[in-house]
J.: 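Have a look at this one.
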Amino acid sequence: MAEEEATALPGGEESQADVCPTIRELQRLLDSKHPFPHHVDEVWPNLYLADLCFANNRYELWKLGITHVLNAAHGRMHSDGSPEYYGTSITYHGVPANDLPDFNISQYFYSASEFIHKALDTPGARVLVHCVVGISRSASLVLAYLMIHHQLTLTQAIQHVQENRWIFPNAGFLQQLLHLDEELQQTRKNQRQEGELSQMAGWEDRL
């Protein structure tokens, strides 16, 4: 999808939610919030975004009650994250992503989202998602989770996270999130149409 053109789902009348934003519009939205240097922020109930400094501090994790860690910088320099590092008290999941626009982070959208989803379904769980600074790689995975499991659009997911933390995924990650947004919206539209057709068929059978 070209940056200059908004993509709408085909067929039927367009609603505001059906129209995907452009990269420039998303970047303006991200620019609308000023950076603030928090080490960790709760961006969804029991879901935290953090930087590497906080993630590598096991005492701070213990104080916050973190039970699951998703490391979006797994295997990268200065990232100590591993099952051995955290021990048995924390369930660990590593994503070896590079914070580069041409890196395919979309290959981890569903697996990372499933890890977060299953963790938050566990009573008493608190999930920490981090990379190095906690604004691009980790933020992209959290946005994908909100889109996949909570049916938010990309714009809605960004706005929700921005209420508690400044984030700024790189342009390549935004493009991949846009593709996910388009796919999810198309799937949900198809499901709505199928449901309407099924309902109509049910009424016809009663006539």
Side-chain angles (χ1 to χ4, degrees), residues 1 3 6-7 9 17-23 25-27 29-30 41-52 55 68-76 79 81 91-122 125-191:
M1 184 182 69
E3 290 187 7
T7 301
L9 295 175
D18 289 330
V19 180
C20 290
T22 65
I23 293 293
E25 288 170 341
L26 290 172
Q27 289 176 329
L29 175 60
L30 293 166
D41 294 287
E42 187 176 19
V43 296
W44 191 261
N46 297 316
L47 177 60
Y48 298 81
L49 259 175
D51 60 17
L52 184 61
H68 295 71
V69 168
L70 194 166
N71 177 7
H74 177 76
R76 303 302 161 196
S79 182
T91 302
Y92 177 86
H93 182 75
V95 171
N98 288 319
D99 190 17
L100 299 171
D102 60 353
F103 182 83
N104 180 22
I105 198 170
S106 67
Q107 64 185 305
Y108 300 109
F109 283 166
Y110 281 93
S111 58
S113 294
E114 191 63 19
F115 174 81
I116 296 171
H117 181 65
K118 286 184 176 180
L120 291 178
D121 269 352
T122 305
R126 288 188 172 187
V127 183
L128 183 85
V129 184
H130 79 92
C131 46
V132 175
V133 184
I135 63 172
S136 184
R137 284 170 286 189
S138 55
S140 297
L141 296 181
V142 166
L143 293 172
Y145 161 73
L146 295 176
M147 294 160 65
I148 292 168
H149 285 285
H150 294 281
Q151 291 75 53
L152 300 186
T153 66
L154 176 55
T155 298
Q156 290 169 339
I158 289 174
Q159 290 171 332
H160 188 90
V161 173
Q162 279 184 324
E163 291 176 4
N164 297 286
R165 184 174 183 83
W166 180 72
I167 58 171
F168 208 94
N170 69 52
F173 292 177
L174 285 177
Q175 186 68 67
Q176 293 171 61
L177 287 165
L178 269 177
H179 289 158
L180 176 65
D181 198 8
E182 293 166 355
E183 292 170 1
L184 291 172
Q185 289 195 44
Q186 184 64 64
T187 297
R188 288 164 191 154
K189 182 175 183 179
N190 292 342
Q191 291 172 343

J.: Donor-acceptor pair, Gln185 side chain versus Cys20 backbone, under 3.5 Å?
T.: no

J.: Start with the C-alpha gap between Tyr145 and Phe115, add the side-chain angles, then the distance that decides, and say whether side chain to side chain contact (heavy atoms under 4.5 Å, CB included) holds.
T.: CA-CA 9 Å; Tyr145 161 73; Phe115 174 81; over 6 Å; no

J.: Tell me, please, which residues at least two apart from His117 pass ring pair (Phe, Tyr, Trp, His ring centres under 6.0 Å).
T.: His149

J.: Taking all non-hydrogen atoms of both residues into account, name the closest pair between Leu49 and Ala139 and its distance.
T.: CD2-N, 3.8 Å

J.: Ignoring hydrogens and geometry, is there a side-chain-to-backbone donor-acceptor pair from Gln159 to Glu163 under 3.5 Å?
T.: no

J.: Tell me, please, which residues at least two apart from Arg126 pass salt bridge (Lys or Arg N to Asp or Glu O under 4.0 Å).
T.: none

J.: Which label fits Tyr92 and His74: parallel for a plane angle under 30°, tilted from 30 to 60°, or perpendicular past 60°?
T.: tilted

J.: Of the non-hydrogen atoms in Ala144 and Ser113, which two are nearest, and what is the gap between them?
T.: C-OG, 3.6 Å

J.: Before you tell me yes or no, could you show the steps for Val43 and His160 under side chain to side chain contact (heavy atoms under 4.5 Å, CB included), namely the whole-Å CA-CA distance, both residues' side-chain angles and the distance that decides it to 0.1 Å?
T.: CA-CA 7 Å; Val43 296; His160 188 90; 5.8 Å; no

J.: Would you please test Leu177 and Phe109 for side chain to side chain contact (heavy atoms under 4.5 Å, CB included) and show each step?
T.: CA-CA 9 Å; Leu177 287 165; Phe109 283 166; 3.6 Å; yes

J.: Identify the heavy atoms of Ile105 and Gln176 that sit nearest to each other, and give their distance.
T.: N-OE1, 3.0 Å

J.: List the atom of Leu143, the atom of Val161, and the distance in Å for their closest heavy-atom pair.
T.: CD2-CG2, 4.0 Å

J.: List the atom of Arg165, the atom of Ala50, and the distance in Å for their closest heavy-atom pair.
T.: NH2-C, 4.1 Å

J.: Measure across Gln27 and Leu174 and return the closest heavy-atom pair with its distance rounded to 0.1 Å.
T.: CG-CD1, 3.9 Å

J.: For a quick test of your reading: what N or O donor-acceptor pairs under 3.5 Å do the side chains of residues 94-101 make, sequence neighbours left out?
T.:
| unit_1 | atom_1 | unit_2 | atom_2 | d |
| --- | --- | --- | --- | --- |
| Asn98 | OD1 | Arg76 | NE | 3.2 |
| Asn98 | OD1 | Arg76 | NH1 | 3.4 |
| Asp99 | OD1 | Ser136 | OG | 2.8 |
| Asp99 | OD1 | Asn170 | ND2 | 2.9 |

